[in-house]
Visitor: 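Below: one structure in structure tokens.
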Amino acid sequence: MSNVLVIGSLNFDLSMQVNRLPKIGETIHGRSIDYFIGGKGANQAVAASRIINDVSLIGCLGNDTFGEKIKKHLKNENLNINNIETVSYTFTGMASIFKTEFDNAIVVIPGANDWVSETFIDKYEEQIKNAKVLLLQLEIPISSVLHIIKIAKKYKTTVILNPAPYHDLSDEIINNVDFITPNDSEFSDLCGSHFDYSEIETQMLDWQSKHPNTQLIVTRGSQGVSFVRNNTIVTVKAFKATVVDTTGAGDTFNGILAAKISQNTTLDEAITWANAGASLSVQKFGAQTGMPTYEEVNKLIKNYEVE
Ligand code: RIB
């Protein structure tokens, strides 16, 4: 039995600090490079496991030194990784992260993450059945995401879908998850070409009325996190933070949200925890490096006065 089960990606991250992004055809000098363990699946599982026990991660690695490094690293986390498989004929997922002073741009090569197929998933039906909360992202094949959601639905397992990186989603996917957690740019993609940012709250109300069984939660950076309750927008304010690196902030949010939802807390409390955790995570470099513990989030919430 897992409190939180994550089925998703594992990547090796090459994080390059640059003054700006290169133009097409141009070569520029970067400032430095760091190597981190990442992937939205692994990051979200680690974030949840720093808050609660019994978190499991299912996914695929390639048969290479990067895969070995990731496995070795995850063994030190409070995480069940017994069902991470090594695929002999492919490489581990890789992410090139270009980090400028203000934000980052990422290119992901899926590699073994594309081997999380429907046949692979079928081996883990029992784990999906026995999970309190299942947390998914979109760095594995979209057909597998739908397949997992159908299995979860059969067993009434609560599903949180973080639609990142964005991919067009069918109503069959959207309407069969319990929570969907886009950031504001992914939410604009979800709404399609008629999206108008100045009307984001009206668009949220409209979207929620069309998908009444799926709780929409939109992360809006410094604007906080908004969700719809009783046809009204509720916004949980952002915590103040000195930002060093935003990589993995969304993953921290989703991992902690899943952890708290698995404990049957109110949505307001789960979002406050997830928000506080994300604000702590951006204060250190790398996706998983800054992910806070239960004590750190608890302390921040207790001592903090949100303006
Ligand atoms: O969300 C951050 C993650 O996105 C990085 O760790 C990288 O691997 C990409 O998947």
Side-chain angles (χ1 to χ4, degrees), residues 6-18 21 33-50 57-62 64 66-67 69-71 73-74 77 79 81 84 90-100 102-116 135-142 144-145 160-167 180-187 189 219 221 225 243-258 274-275 277-292:
V6 181
I7 305 181
S9 58
L10 301 100
N11 293 331
F12 196 81
D13 290 356
L14 309 180
S15 183
M16 284 167 269
Q17 292 209 53
V18 290
L21 299 180
I33 186 161
D34 290 275
Y35 305 95
F36 293 111
I37 307 303
K40 294 186 193 301
N43 292 344
Q44 295 184 14
V46 168
S49 76
R50 298 224 173 132
L57 172 63
I58 294 177
C60 289
L61 291 167
D64 49 28
F66 301 113
K69 278 186 198 301
I70 292 177
K71 234 178 172 171
H73 162 89
L74 291 177
E77 298 287 342
L79 203 55
I81 55 162
I84 292 177
T90 190
F91 57 91
T92 296
M94 300 288 289
S96 293
I97 302 175
F98 301 93
K99 192 186 134 25
T100 66
F102 302 107
D103 215 334
N104 59 49
I106 305 181
V107 178
V108 177
I109 312 288
N113 297 309
D114 271 349
W115 264 254
V116 180
L135 177 56
L136 301 171
Q137 320 73 32
L138 300 178
E139 278 185 347
I140 56 172
I142 196 80
S144 304
V145 172
I160 302 175
L161 175 64
N162 173 223
Y166 187 75
H167 187 292
I180 191 162
T181 59
N183 62 22
D184 40 13
S185 128
E186 289 147 4
F187 179 61
D189 290 330
T219 56
V225 177
V243 179
V244 173
D245 185 1
T246 57
T247 316
D251 298 332
T252 309
F253 179 89
N254 280 280
I256 298 180
L257 183 78
N275 233 351
S279 79
L280 289 167
S281 78
V282 298
Q283 301 184 39
K284 285 192 189 146
F285 202 48
Q288 294 176 21
T289 333
M291 287 177 177

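Indexing begins at 1, ligand by ligand and atom by atom, following the structure's order.
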Visitor: Does any donor atom in the side chain of Gln288 or Asn43 lie under 3.5 Å from an acceptor atom in the other side chain?
Guide: yes
Visitor: Donor-acceptor pair, distance only, cut-off 3.5 Å: does the side chain of Asn11 make one with the backbone of Asp13?
Guide: no
Visitor: Could you check whether Phe36 and Phe285 have their ring centres less than 6.0 Å apart?
Guide: yes
Visitor: Give the residue and atom name of whichever protein heavy atom lies nearest to atom 3 (C) of ligand 1, and the separation in Å to one decimal.
Guide: Asn43 ND2, 3.7 Å
Visitor: Taking only heavy atoms of Ala95 into account, list the atoms of ligand 1 that are under 4.0 Å away from them.
Guide: 7 (C), 8 (O)
Visitor: Closer than 4.0 Å to some heavy atom of Gly38 - which atoms of ligand 1 meet that?
Guide: 6 (O), 8 (O)
Visitor: Among all protein non-hydrogen atoms, which one is nearest to atom 2 (C) of ligand 1, and what is the separation to 0.1 Å?
Guide: Asp251 OD2, 3.3 Å
Visitor: Just need the protein heavy atom nearest to atom 4 (O) of ligand 1, so name the residue and atom and give the distance.
Guide: Lys40 NZ, 3.2 Å
Visitor: Identify the closest protein heavy atom to atom 5 (C) of ligand 1: which residue and atom is it, and at what distance?
Guide: Asp13 OD2, 3.3 Å
Visitor: For ligand 1, is Gly39 a contact, meaning one of its heavy atoms is under 4.0 Å away?
Guide: yes
Visitor: Starting from atom 9 (C) of ligand 1, what is the nearest protein heavy atom, named by residue and atom, and what distance separates them?
Guide: Glu139 OE2, 3.5 Å
Visitor: Distance alone, cut at 3.5 Å: any donor-acceptor contact between the side chains of Asp251 and Gln44?
Guide: yes
Visitor: Between ligand 1 and Ile97, is the shortest N or O to N or O distance under 3.5 Å?
Guide: no
Visitor: Does the Lys71 side chain pair with the main chain of Phe66, one donor and one acceptor, at a distance under 3.5 Å?
Guide: no
Visitor: Check for a donor-acceptor pair, side chain of Gln283 on one end and backbone N or O of Ser279 on the other, with a separation under 3.5 Å.
Guide: yes
Visitor: Please tell me whether Thr247 and Asp245 have a donor and an acceptor in their side chains that are separated by less than 3.5 angstrom.
Guide: yes
